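What follows is a single structure, written as C-alpha coordinates, with notes after it.
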Amino acid sequence: MADGTKTDPWTLATAPGSSTYTMYRDPDSDPPALVCQVGSTTLKYQLRAVEDLHAWLIEQGDWVHLGAADENKPAADGTVEAWGRDPANPVGGWYGLRKGYRGRFGMYLPPLLEALGLAELTHDKRNNSVRGVG
(Lines give C-alpha, C1' and ligand atoms only; values in the text may rest on other atoms or scores of the structure.)
Protein backbone atom coordinates (compact mmCIF):
# COMPACT_ATOMS: atom_id res chain seq x y z
CA MET A 1 0.00 0.00 0.00
CA ALA A 2 1.14 3.55 -0.72
CA ASP A 3 2.40 5.83 2.05
CA GLY A 4 -0.26 8.46 1.47
CA THR A 5 2.30 11.19 0.82
CA LYS A 6 2.50 13.61 -2.09
CA THR A 7 5.22 11.47 -3.68
CA ASP A 8 3.42 8.17 -2.91
CA PRO A 9 -0.33 8.91 -2.85
CA TRP A 10 -3.07 6.38 -2.28
CA THR A 11 -4.79 5.36 -5.53
CA LEU A 12 -8.45 4.76 -4.79
CA ALA A 13 -11.70 4.04 -6.61
CA THR A 14 -15.18 5.34 -5.87
CA ALA A 15 -17.54 2.80 -4.28
CA PRO A 16 -19.07 1.70 -7.62
CA GLY A 17 -15.55 1.45 -9.07
CA SER A 18 -16.46 3.85 -11.87
CA SER A 19 -13.73 6.45 -11.18
CA THR A 20 -10.23 6.41 -9.79
CA TYR A 21 -8.52 9.21 -7.89
CA THR A 22 -5.56 9.80 -5.60
CA MET A 23 -5.33 11.13 -2.07
CA TYR A 24 -2.45 12.08 0.15
CA ARG A 25 -1.86 13.68 3.52
CA ASP A 26 -0.54 17.24 3.72
CA PRO A 27 0.18 17.62 7.45
CA ASP A 28 1.99 20.94 6.93
CA SER A 29 -1.00 22.82 5.52
CA ASP A 30 -3.15 24.95 7.82
CA PRO A 31 -5.24 23.10 8.85
CA PRO A 32 -3.61 19.73 8.05
CA ALA A 33 -5.32 18.38 4.94
CA LEU A 34 -6.15 15.41 2.78
CA VAL A 35 -5.58 16.35 -0.84
CA CYS A 36 -7.86 14.54 -3.28
CA GLN A 37 -6.96 14.68 -6.97
CA VAL A 38 -9.79 13.72 -9.34
CA GLY A 39 -8.61 14.26 -12.89
CA SER A 40 -7.65 17.93 -13.06
CA THR A 41 -9.79 18.84 -10.02
CA THR A 42 -8.25 19.18 -6.56
CA LEU A 43 -10.42 18.84 -3.48
CA LYS A 44 -9.13 19.28 0.07
CA TYR A 45 -10.58 17.98 3.30
CA GLN A 46 -9.42 18.39 6.87
CA LEU A 47 -7.00 15.57 7.68
CA ARG A 48 -8.78 14.84 10.94
CA ALA A 49 -11.76 13.68 8.86
CA VAL A 50 -10.26 10.18 8.73
CA GLU A 51 -10.34 9.71 12.52
CA ASP A 52 -13.54 11.69 13.02
CA LEU A 53 -15.48 9.82 10.32
CA HIS A 54 -14.24 6.46 11.61
CA ALA A 55 -15.36 7.32 15.15
CA TRP A 56 -18.77 8.47 13.89
CA LEU A 57 -19.26 5.31 11.83
CA ILE A 58 -18.41 3.13 14.84
CA GLU A 59 -20.90 5.15 16.90
CA GLN A 60 -23.62 4.53 14.27
CA GLY A 61 -23.10 0.78 14.67
CA ASP A 62 -24.60 -0.11 11.29
CA TRP A 63 -24.45 0.65 7.59
CA VAL A 64 -24.74 4.34 6.63
CA HIS A 65 -25.55 5.54 3.11
CA LEU A 66 -22.82 7.61 1.43
CA GLY A 67 -25.15 10.26 -0.03
CA ALA A 68 -22.42 11.99 -2.05
CA ALA A 69 -23.43 15.44 -3.30
CA ASP A 70 -21.77 18.55 -4.67
CA GLU A 71 -21.39 21.49 -2.31
CA ASN A 72 -24.28 23.43 -3.85
CA LYS A 73 -26.71 20.49 -3.56
CA PRO A 74 -28.42 19.35 -0.36
CA ALA A 75 -27.22 16.16 1.31
CA ALA A 76 -29.75 13.53 2.33
CA ASP A 77 -30.27 13.31 6.09
CA GLY A 78 -28.32 10.64 7.94
CA THR A 79 -25.72 10.12 5.20
CA VAL A 80 -21.94 10.42 5.36
CA GLU A 81 -22.23 13.51 3.14
CA ALA A 82 -24.69 15.18 5.53
CA TRP A 83 -22.44 14.44 8.52
CA GLY A 84 -19.41 15.87 6.64
CA ARG A 85 -21.09 19.30 6.53
CA ASP A 86 -23.22 19.20 9.70
CA PRO A 87 -22.71 22.04 12.22
CA ALA A 88 -22.93 19.36 14.96
CA ASN A 89 -19.90 17.37 13.72
CA PRO A 90 -16.52 17.72 15.52
CA VAL A 91 -15.34 20.61 13.29
CA GLY A 92 -18.68 22.45 13.40
CA GLY A 93 -19.46 22.21 9.70
CA TRP A 94 -17.68 21.47 6.44
CA TYR A 95 -14.66 19.14 6.40
CA GLY A 96 -14.08 20.36 2.85
CA LEU A 97 -11.56 23.20 2.71
CA ARG A 98 -11.80 24.56 -0.83
CA LYS A 99 -14.86 26.76 -1.33
CA GLY A 100 -16.89 25.54 -4.26
CA TYR A 101 -15.32 22.06 -3.88
CA ARG A 102 -16.26 21.19 -0.29
CA GLY A 103 -18.79 18.52 -1.23
CA ARG A 104 -18.37 14.93 -2.35
CA PHE A 105 -17.16 14.00 1.16
CA GLY A 106 -19.38 10.90 0.98
CA MET A 107 -17.82 9.87 -2.31
CA TYR A 108 -14.11 10.25 -1.62
CA LEU A 109 -13.58 9.63 2.12
CA PRO A 110 -15.21 6.18 2.59
CA PRO A 111 -12.97 4.40 0.03
CA LEU A 112 -9.93 5.77 1.89
CA LEU A 113 -11.28 4.42 5.18
CA GLU A 114 -11.81 1.05 3.50
CA ALA A 115 -8.25 1.03 2.16
CA LEU A 116 -6.93 1.86 5.63
CA GLY A 117 -8.92 -1.03 7.15
CA LEU A 118 -11.21 1.30 9.11
CA ALA A 119 -14.45 0.60 7.25
CA GLU A 120 -16.35 -1.80 5.01
CA LEU A 121 -17.93 -0.39 1.88
CA THR A 122 -20.54 -1.76 -0.50
CA HIS A 123 -19.62 -1.65 -4.18
CA ASP A 124 -22.95 -1.49 -6.00
CA LYS A 125 -23.69 0.67 -9.06
CA ARG A 126 -25.49 3.22 -6.82
CA ASN A 127 -26.74 3.86 -3.30
CA ASN A 128 -23.64 2.51 -1.57
CA SER A 129 -23.16 2.32 2.18
CA VAL A 130 -20.28 2.15 4.64
CA ARG A 131 -19.82 0.89 8.18
CA GLY A 132 -16.94 1.33 10.56
CA VAL A 133 -14.76 -1.55 11.70
CA GLY A 134 -12.21 -1.82 14.46
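Small disclaimer: the values here were computed from a predicted structure and weren't measured. Each residue takes its place number in the sequence, starting with 1.
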Exercise for the section: Consider only side-chain heavy atoms of I, L, V, M, F, W and Y, link residues closer than 4.5 Å, and tell whether Leu116 and Met107 are in one cluster. Expected result: yes

Problem - Interatomic distance, His54 atom NE2 to Leu112 atom CG [nearest 0.5 angstrom] - result: 12.0 Å

Exercise for the section: Give a yes or no on whether Met1 and Tyr24 share a hydrophobic cluster (residues Ile, Leu, Val, Met, Phe, Trp, Tyr; joining criterion: side-chain heavy atoms under 4.5 Å apart). Expected result: no

Completion exercise
So CZ of Arg98 and SG of Cys36: to nearest 0.5 Å the spacing works out to 11.5 Å

Handout entry: Pairs touching residues 99-115 that satisfy side-chain hydrogen bond (donor to acceptor under 3.5 Å, both in side chains), sequence neighbours left out
Key = Asp70-Arg104, Glu71-Arg102, Glu114-His123

Exercise for the section: Hey, can you tell me if Trp83 and Tyr95 have their rings parallel, tilted or perpendicular (30° and 60° cut-offs)? Expected result: parallel

Completion exercise
Distance col, row Gln46:CD vs Leu53:CG, nearest 0.5 angstrom, shows 13.0 Å

Problem - Side-chain heavy-atom pair Asp52, Asn89 within 4.5 angstrom cut-off - result: no

Handout entry: Taking every non-hydrogen atom, the tightest pair across Pro111 and Ala15
Key = CG-N, 4.2 Å

Practice task
Please check if Val50 and Tyr45 belong to a single hydrophobic cluster, counting links between Ile, Leu, Val, Met, Phe, Trp and Tyr side chain heavy atoms closer than 4.5 Å.
Solution key: yes

Practice task
Group every Ile, Leu, Val, Met, Phe, Trp and Tyr by side-chain heavy-atom contacts under 4.5 Å, then state whether Val130 and Leu12 land in the same group.
Solution key: yes

Exercise for the section: Grab the two heavy atoms, one from Thr122 and one from Ser129, that are nearest each other, plus how far apart they are. Expected result: OG1-N, 2.8 Å

Exercise for the section: Determine the minimum heavy-atom distance between Ala68 and Gly106, stating which atoms define it. Expected result: CB-C, 4.0 Å

Handout entry: Side-chain touch Glu81/Leu66, heavy atoms, less than 4.5 angstrom
Key = no

Practice task
State which residues pass salt bridge (Lys or Arg N to Asp or Glu O under 4.0 Å) with Glu120; sequence neighbours excluded, sorted by chain then number.
Solution key: Arg131

Handout entry: Ala69 versus Arg85, closest heavy-atom pair with distance
Key = O-NH2, 3.2 Å

Exercise for the section: Report yes if the side chains of Pro110 and Val80 come closer than 4.5 Å at any heavy-atom pair, otherwise no. Expected result: yes

In residues 56-64, what donor-acceptor pairs under 3.5 Å come from side-chain atoms, sequence neighbours left out?
residue	atom	partner	partner atom	Å
Gln60	NE2	Trp56	O	3.3

Exercise for the section: Could you tell me whether the side chain of Arg48 reaches within less than 4.5 Å of the side chain of Pro90, counting heavy atoms only? Expected result: yes

Exercise for the section: State, with a plain yes or no, whether a side-chain heavy atom of Leu109 is found less than 4.5 Å away from one of Leu34. Expected result: yes

Practice task
Taking side-chain contact (heavy atoms from CB on, under 4.5 Å) as the test, write out the residues that go with Pro32, two or more places apart.
Solution key: Leu47

Problem - Glu51 and Leu118, any side-chain heavy atoms less than 4.5 Å apart - result: no

Fill in the blank from the handout: CG (Leu113) and CG (Leu121) are apart, to the nearest 0.5 Å, by 9.5 Å

Exercise for the section: Grab the two heavy atoms, one from Trp10 and one from Ala2, that are nearest each other, plus how far apart they are. Expected result: NE1-O, 3.5 Å

Fill in the blank from the handout: Separation between OG1 (Thr79) and CG (Asp86), nearest 0.5 Å, reads 10.0 Å

Problem - Heavy-atom neighbours of Asp77 CG exceed 12 at 6.0 Å - result: no

Exercise for the section: List for me each residue that meets side-chain contact (heavy atoms from CB on, under 4.5 Å) alongside Thr5, sequence neighbours excluded, and say none if there are none. Expected result: Asp3, Thr7, Asp8, Arg25

Practice task
State, with a plain yes or no, whether a side-chain heavy atom of Thr41 is found less than 4.5 Å away from one of Tyr21.
Solution key: no

Problem - Set of residues satisfying side-chain contact (heavy atoms from CB on, under 4.5 Å) with respect to Thr20, sequence neighbours excluded - result: Ala13

Handout entry: Where Ala33 and Leu97 come nearest, the two heavy atoms and their spacing
Key = CB-CD1, 3.8 Å

